[in-house]
J.: 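Starting off with a structure, shown below.
Proteins come first, then strands; the chains are lettered A, B, ... in the order of their sequence lines, and each starts at number 1. Only this structure's heavy atoms are used, side chains among them; waters, hydrogens and symmetry mates stay out.
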2 protein chains.
Amino acid sequence: MGKQMTEMLKGTLEGIVLAILAVRSAYGYEITAWLRDQGFADIAEGTVYALLVRIEQRGFVDVEKVPSEKGPPRKVYSLNTQGRDHLEEFWRTWSFLSERLEQLHRGGN
Amino acid sequence: MGKQMTEMLKGTLEGIVLAILAVRSAYGYEITAWLRDQGFADIAEGTVYALLVRIEQRGFVDVEKVPSEKGPPRKVYSLNTQGRDHLEEFWRTWSFLSERLEQLHRGGN
DNA sequence: TACCGGTACATAGCAATGCTGAATACCGCC
DNA sequence: GGCGGTATTCAGCATTGCTATGTACCGGTA
């Protein structure tokens, strides 16, 4: 994608990752691969890891180190209660924005 | 709104303003008032002006100074062809993101 | 006159977030 | 030993919205 997508991801990528973790626990490399698979072709490797560090520091996830057969140990993230609350608020914010944008897209105000 | 909305507006506020200008020409103060009316209660005055300066520098809008009865002259912005192209690309980017998020919202929790 | 509120625009410095680019480390296979 | 895939980390940068403040024009009013 382009610069447009980059800017739009600010504020939404966190929600996307939290939503992924709401379905099941996952580790950074896996999440990046999943995103690329979904069409977010240019998501930078480092971006996801930095985001994971942030949401860990904010207490939205629990972390467990799990040995891997094919490389260094994985850091598996699980969404906790606080994370679920934050995700819910994310959906509320996004819904508001989404509705306004749909309105504009359809035909004006 | 909160920090969440602030971050989410990065990358979308520009599109919102372009979409407004696609309907009809407008000036900064007017746009800010409209946004506040639509529920974007905490949009900062300066934010819109800075954004307008940016999209003018990028050549998305034409500007005309119009005297006002109630204060300093208004800078009325009109979307030009380049701006319309950019807006279309914005909608494509947003649609992509929106679809992915809807998917996550539905299938997730 | 002097002041206030509403209209209208501008800007310097800050905070948050994604990207670039590079480094580190583990493993199997040629 | 070297290569490629797996897996994480970090320093420095660009972009963008917010805070705070300043400028300017006008009408009403005390």
J.: Which nucleotide in the list D:dT16, C:dT20, D:dC18 gets nearest to the side chain of B:Ala44?
T.: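 Per side-chain heavy atoms of B:Ala44, the pick is D:dC18.
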J.: Given C:dT7, C:dC19, D:dT6, identify the nucleotide with an atom nearest to the side chain of A:Thr47.
T.: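 Minimum distance to the A:Thr47 side chain belongs to C:dC19.
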J.: Determine the contact category for B:Glu69: base if any of its heavy atoms lies under 4.0 Å from a base atom, sugar-phosphate if only primed atoms, P, OP1 or OP2 are that close, otherwise nothing.
T.: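 B:Glu69: backbone/sugar contact only, no base atoms under 4.0 Å.
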J.: Measure from the side chain of A:Tyr49, starting at C-beta and using heavy atoms only, and say which of C:dA8, D:dA7, C:dC19 lies closest.
T.: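 Nearest nucleotide to the side chain: D:dA7.
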J.: Please tell me which of A:Ile43 and A:Gly71 maps to the more 5' nucleotide of DNA chain C, matching each residue to the nucleotide holding its nearest heavy atom.
T.: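 Between the two, 5'-proximity favours A:Ile43.
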J.: Compare all side-chain heavy atoms of A:Val48 with those of A:Trp34 and state whether any distance is below 4.5 angstrom.
T.: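 Heavy-atom side-chain distance check fails, nothing below 4.5 Å.
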J.: Need one value for A:Gly46: base, sugar-phosphate or nothing, where a base atom within 4.0 Å counts as base even if backbone is also close, heavy atoms only.
T.: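 Base, at least one base heavy atom under 4.0 Å.
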J.: When you measure from the side chain of B:Pro72, which nucleotide among C:dA16, C:dA10, C:dA8 comes out closest?
T.: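 Minimum distance to the B:Pro72 side chain belongs to C:dA8.
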J.: Which of the following nucleotides, D:dC18, D:dT8, C:dT7, is nearest to the side chain of B:Ser68?
T.: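 When the side chain of B:Ser68 is considered, C:dT7 is the closest of D:dC18, D:dT8, C:dT7.
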J.: Give a yes or no on whether a donor-acceptor pair under 3.5 Å exists between the nucleobase atoms of D:dT16, that is its base, and the side chain of A:Lys10.
T.: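 In this structure, the two groups form no donor-acceptor pair.
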J.: At under 4.0 Å between heavy atoms, what does B:Leu52 touch on the DNA or RNA strands: base, sugar-phosphate, or nothing?
T.: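 The answer is nothing, as B:Leu52 stays clear of every strand by at least 4.0 Å.
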J.: Side chain of A:Glu45, heavy atoms from C-beta onward: which of D:dT8, D:dA7, D:dC18 has the nearest atom to it?
T.: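 Selected nucleotide (nearest to the side chain): D:dT8.
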